[in-house]
Amino acid sequence: EVQLVESGGGLVQPGGSLRLSCAASGFTFSFYAMSWVRQAPGKGLEWVSTVNSGGGTTRYADSVKGRFTISRDNAKNTLYLQMNSLKPEDTAVYYCAKPKSYLSDSNWRQYDYWGQGTQVTVSS
């Protein structure tokens with residue numbers, strides 16, 4: 001059974017930092033690209049970032065570029081999202097998701113597995 005379990009969310013002040021983790025199981029993690037997707041209150045899904053299977057190539061949404069860093073530890077079957085310089089508009093539920101390709105981005109039908117999500121709230 002494929003499982004993606006996010007953790008690390010919480011409340012942080014604007015300008016602060018947070019690191020999210022996603023523990024993956026049930027598939028050969030190192031064979032696949034992985035993504036972070038978020039959903040702000042009352043809004044639709046927004047693709048955030050994707051990292052390739054080996055961890056050496058990354059893609060980011062313009063809204064987070066320069067502030068967020070996606071990474072992975074294939075030995076630990078874990079995906080990470082380091083979030084710095086957080087803004088109130090980053091407030092959302094953040095999902096770890098498995099895309100069919102490195103270029104899936106916001107093509108939601110190309111994501112075959114999703115985590116349960118972890119809440120990130122940026123507020124003073």
Side-chain angles (χ1 to χ4, degrees):
E1 178 186 18
V2 171
Q3 283 196 300
L4 301 172
V5 182
E6 301 96 334
S7 62
L11 175 65
V12 64
Q13 295 182 352
S17 297
L18 209 58
R19 188 178 77 157
L20 307 182
S21 297
C22 170
S25 61
F27 65 101
T28 306
F29 182 71
S30 63
F31 284 8
Y32 298 95
M34 292 295 296
S35 298
W36 288 99
V37 178
R38 68 186 182 184
Q39 187 167 33
K43 296 186 177 180
L45 295 169
E46 179 187 16
W47 172 76
V48 174
S49 184
T50 298
V51 60
N52 75 334
S53 60
T57 307
T58 58
R59 298 167 61 84
Y60 298 92
D62 288 343
S63 58
V64 307
K65 192 171 296 182
R67 300 187 298 121
F68 290 12
T69 302
I70 190 171
S71 62
R72 65 194 297 160
D73 187 338
N74 285 342
K76 296 181 178 180
N77 282 5
T78 302
L79 176 72
Y80 302 98
L81 185 67
Q82 178 66 47
M83 305 184 294
N84 298 327
S85 302
L86 284 162
K87 305 174 180 179
E89 51 262 46
D90 294 319
T91 295
V93 176
Y94 283 72
Y95 298 95
C96 171
K98 179 179 176 291
K100 292 188 180 299
S101 85
Y102 178 67
L103 300 177
S104 292
D105 294 3
S106 59
N107 297 314
W108 312 125
R109 286 180 288 188
Q110 295 190 13
Y111 289 80
D112 45 11
Y113 295 98
W114 297 75
Q116 85 289 348
T118 186
Q119 176 70 48
V120 172
T121 302
V122 185
S123 177
S124 59

Using a 4.5 Å side-chain heavy-atom cut-off and chaining through intermediate ILVMFWY residues, the residues clustered with Y102 come out as L103
Rounded to the nearest 0.5 angstrom, the OH-OG distance for Y111 and S106 is 7.5 Å
Closest non-hydrogen atoms of Q119 and V93, given as atom of the first, atom of the second and distance, are OE1-CG2, 3.3 Å
(message) Count I, L, V, M, F, W, Y as connected when their side-chain heavy atoms are under 4.5 Å apart, and connections chain through other members. Are I70 and Y95 then in the same cluster?
(response) no
Exercise. Should V51 and V37 be counted in the same cluster of Ile, Leu, Val, Met, Phe, Trp and Tyr side chains packed under 4.5 Å apart?
Worked result: no
Applied to residues 48-62, the salt bridge (charged side-chain N to carboxylate O under 4.0 Å, His left out) test, sequence neighbours excluded, yields R59-D105, D62-K65
Ring pair (Phe, Tyr, Trp, His ring centres under 6.0 Å) filter on Y32, not counting sequence neighbours, yields F27
Residues pairing under salt bridge (charged side-chain N to carboxylate O under 4.0 Å, His left out) where one sits in residues 25-44, two or more places apart or in two chains, turn out to be R38-E46, R38-D90
- 4.5 Å side-chain heavy-atom contact, M34 and K98: yes
Does any part of the side chain of K87, heavy atoms only, come nearer than 4.5 Å to the side chain of V122, both counted from C-beta? no
Quiz item: Got P99 and Q110 here, is their nearest side-chain heavy-atom distance under 4.5 Å?
Solution: no
Residues passing the side chain to side chain donor-acceptor pair (under 3.5 Å) test with Q116, sequence neighbours excluded, are E6
Sorted by chain and number, sequence neighbours left out, side chain to side chain contact (heavy atoms under 4.5 Å, CB included) with N84 holds for S17, Q82
On a heavy-atom basis, the closest approach of A33 and T50 is CB-CG2, 4.1 Å
* Do L20 and Y80 belong together in a cluster built from hydrophobic side chains that touch within less than 4.5 Å? -> no
CG of L81 to OH of Y60, rounded to nearest 0.5 Å, is 7.5 Å
### Query
Checking side-chain contact (heavy atoms from CB on, under 4.5 Å) for the pair L79/W36: CA distance, chi angles, key distance, verdict?
CA-CA 9 Å; L79 176 72; W36 288 99; 3.4 Å; yes
*Give a yes or no on whether Y113 and V48 share a hydrophobic cluster (residues Ile, Leu, Val, Met, Phe, Trp, Tyr; joining criterion: side-chain heavy atoms under 4.5 Å apart).*
yes
- Message: Does the plane of the ring in W108 sit parallel, tilted or perpendicular to the ring in W114? Use 30° and 60° as the thresholds.
- Response: tilted
The reported gap from SG in C22 to CG in N77 (rounded to nearest 0.5 angstrom) is 10.0 Å
_Backbone of R109 reached by a side-chain donor or acceptor of N107 within 3.5 Å_ = no
Output for pair (F29 CZ, T78 OG1), nearest 0.5 Å, gives 6.5 Å
### Query
In the single-linkage hydrophobic clustering (I, L, V, M, F, W, Y; side-chain heavy atoms under 4.5 Å), do L4 and Y94 co-cluster?
yes
Closest non-hydrogen atoms of G26 and V2, given as atom of the first, atom of the second and distance, are O-CG2, 3.7 Å
d(S49 OG, F68 CZ) to nearest 0.5 Å is 9.5 Å
Output for pair (N52 CG, S101 OG), nearest 0.5 Å, gives 11.5 Å
